[in-house]
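Below is one structure, written out as structure tokens, with a few remarks after it.
Not measured: the values here are computed from a predicted model.
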Amino acid sequence: MKIAVTGKGGVGKTTFAATLARLYAAEGRPVLAADVDPDANLGLALGFDEETLDSIVPISKMRKLVEERTGATAGNQFYHLNPKVDDIPDKYGKVCNGVRLLVLGTVETGGGGCVCPENVMLKRIINNLVLRREDVVILDMEAGLEHLGRGTTEGVDAFIVVIEPGARSVQTYKNVKRLASDLGVAQVKVVANKVRNTEDEEFIRSRIPAEDLLGILHYNTEVIDADRQGKSPYDFSETVTAEITKIKEKIDQNSSL
């Protein structure tokens, strides 16, 4: 199972991705959480300490590694499109609370369909992350849709779009669904976050098809407190953990995920 968690900035992607990863790890499943956001903070949400996280260099920034694996150099415009990557999670990943964290970073080169060496590496890694049937891979994507334009995430089984009660978030879901179909990813599901009241919930249910809505997370100050203290929401808020547990159960029931 390989899930990409996406959505516009500030909607709570990292809180959801980290808590879902912790829940699977608590079951004893092998879990790899990949941070594909240039503003990487998935590690804190998983419970890593700041010193460990400060020591991690994103794969996309490892110039020497990218050059070695792809053959790309300043004077060489030709490079391998199938670099060796199967050893990267074990070699460069860090483990905490049963979750292996791999910080991929992102490609900062503009332009749709980027085929730069860094993108080749990231795409190849994402496509090769699952090795065994029981493995769970959760990717915390960068905000927005650029990763879809580059095709970095075409190797995932499903997108989960985290939205909040608002027209712009709903539009992001629609755009992800449209672009995902171009990548051959049929499963695009939604988690609604920061839902405050009945009106918010009615708005969500009126805009998102029932078959796409995995569940609702209510506005929760405990999550804000966890972030302020650099703690994992899983360890800090029983409420949000219980709500995401229900969503996880729905994911598990859907065999196509």
Side-chain angles (χ1 to χ4, degrees), residues 1-8 11 13 16-17 20-21 24 29-37 59-60 69-70 79-86 88-89 102 104-107 109-163 169-191 207-215 247-248 250-257:
M1 177 165 55
K2 192 186 306 183
I3 296 172
V5 180
T6 188
K8 73 182 190 69
V11 294
K13 297 186 302 296
F16 175 74
L20 187 63
Y24 277 115
R29 297 276 292 272
V31 181
L32 177 64
D35 199 336
V36 199
D37 194 324
I59 301 296
S60 63
R69 298 300 175 93
T70 66
Y79 46 84
H80 305 300
L81 294 178
N82 270 329
K84 174 182 169 59
V85 297
D86 57 345
I88 284 177
L102 185 63
L104 296 181
T106 190
V107 180
T109 303
C114 167
V115 289
C116 54
E118 294 86 355
N119 184 62
V120 166
M121 280 285 288
L122 297 190
K123 189 172 177 180
R124 178 76 171 154
I125 291 169
I126 290 170
N127 284 343
N128 285 271
L129 283 179
V130 170
L131 300 177
R132 298 173 299 273
R133 184 178 178 82
E134 69 273 16
D135 286 357
V136 176
V137 176
I138 297 171
L139 300 108
D140 186 19
M141 304 306 299
E142 61 188 302
L145 303 173
E146 194 170 343
H147 55 89
L148 286 158
R150 290 192 300 267
T152 308
T153 43
E154 67 181 353
V156 304
D157 299 310
F159 286 97
I160 294 180
V161 189
V162 180
I163 69 169
S169 257
V170 172
Q171 189 63 40
T172 297
Y173 149 72
K174 291 179 178 178
N175 288 332
V176 170
K177 192 159 188 174
R178 174 176 53 83
L179 292 168
S181 66
D182 294 339
L183 297 176
V185 181
Q187 293 288 337
V188 178
K189 302 297 184 182
V190 173
V191 168
R207 300 300 197 281
I208 305 299
E211 64 270 19
D212 285 355
L213 184 61
L214 286 174
I247 292 171
K248 174 188 169 296
K250 200 166 182 180
I251 292 171
D252 292 340
Q253 291 166 5
N254 188 338
S255 59
S256 58
L257 286 182

- Task: Applying salt bridge (charged side-chain N to carboxylate O under 4.0 Å, His left out), run through Asp182 and Arg178 and close with a yes or a no.
- Result: CA-CA 7 Å; Asp182 294 339; Arg178 174 176 53 83; 5.3 Å; no
- Specify the closest pair of heavy atoms between Val185 and Asp157, including all atoms of both residues, with the distance to one decimal. CG1-O, 3.8 Å
- In Å and rounded to the nearest 0.5 Å, what is the NZ to CD1 distance from Lys189 to Ile3? 11.0 Å
- side-chain hydrogen bond (donor to acceptor under 3.5 Å, both in side chains) with Asp140: which residues, sequence neighbours excluded? Thr14
- Message: Test of understanding: with side-chain hydrogen bond (donor to acceptor under 3.5 Å, both in side chains), list the residues that count as partners of Lys177, not counting sequence neighbours.
- Response: Asp212
- Query: For Val36, which of Leu102, Leu139, Val5 qualifies under side-chain contact (heavy atoms from CB on, under 4.5 Å)?
  - Reply: Leu139
- Message: Any donor-acceptor pair under 3.5 Å linking the side-chain atoms of Asp135 with those of Tyr24?
- Response: no
- Residues Ile247 and Gly215: closest non-hydrogen pair is CG1-CA, 3.9 Å
- Task: Locate the shortest heavy-atom distance separating Met141 from Lys13; write the atom from each residue and the value.
- Result: O-CE, 3.4 Å
- If you take all heavy atoms of Gly7 and Val161, which pair is closest and at what distance? CA-CG1, 4.2 Å
- Note on the structure: For Val156 and Ala4 the tightest heavy-atom approach is CG1-CB, 4.0 Å
- Between CD1 of Ile160 and CD1 of Ile138, what distance do you get to the nearest 0.5 Å? 8.0 Å
- Item | Residues which pass salt bridge (charged side-chain N to carboxylate O under 4.0 Å, His left out) with Lys84, listed by chain and number, not counting sequence neighbours | Asp86
- Note on the structure: Distance col, row Ile251:CD1 vs Leu20:CG, nearest 0.5 angstrom, shows 5.0 Å
- Query: Residues in salt bridge (charged side-chain N to carboxylate O under 4.0 Å, His left out) with Arg207, at least two apart?
  - Reply: none
- Task: Starting at CZ of Arg69, measure out to CD1 of Ile88 and round the result to the nearest 0.5 Å.
- Result: 5.0 Å
- Item | Closest non-hydrogen atom pair, Ala34 against Leu104 | CB-CD1, 4.1 Å
- Query: Between atom OG1 of Thr6 and atom CG of Asp37, what is the distance when rounded to the nearest 0.5 Å?
  - Reply: 10.0 Å
- Query: Just one of Thr172, Val190, Val176, Leu213 clears the side-chain contact (heavy atoms from CB on, under 4.5 Å) bar with Ile163, so which one?
  - Reply: Val190
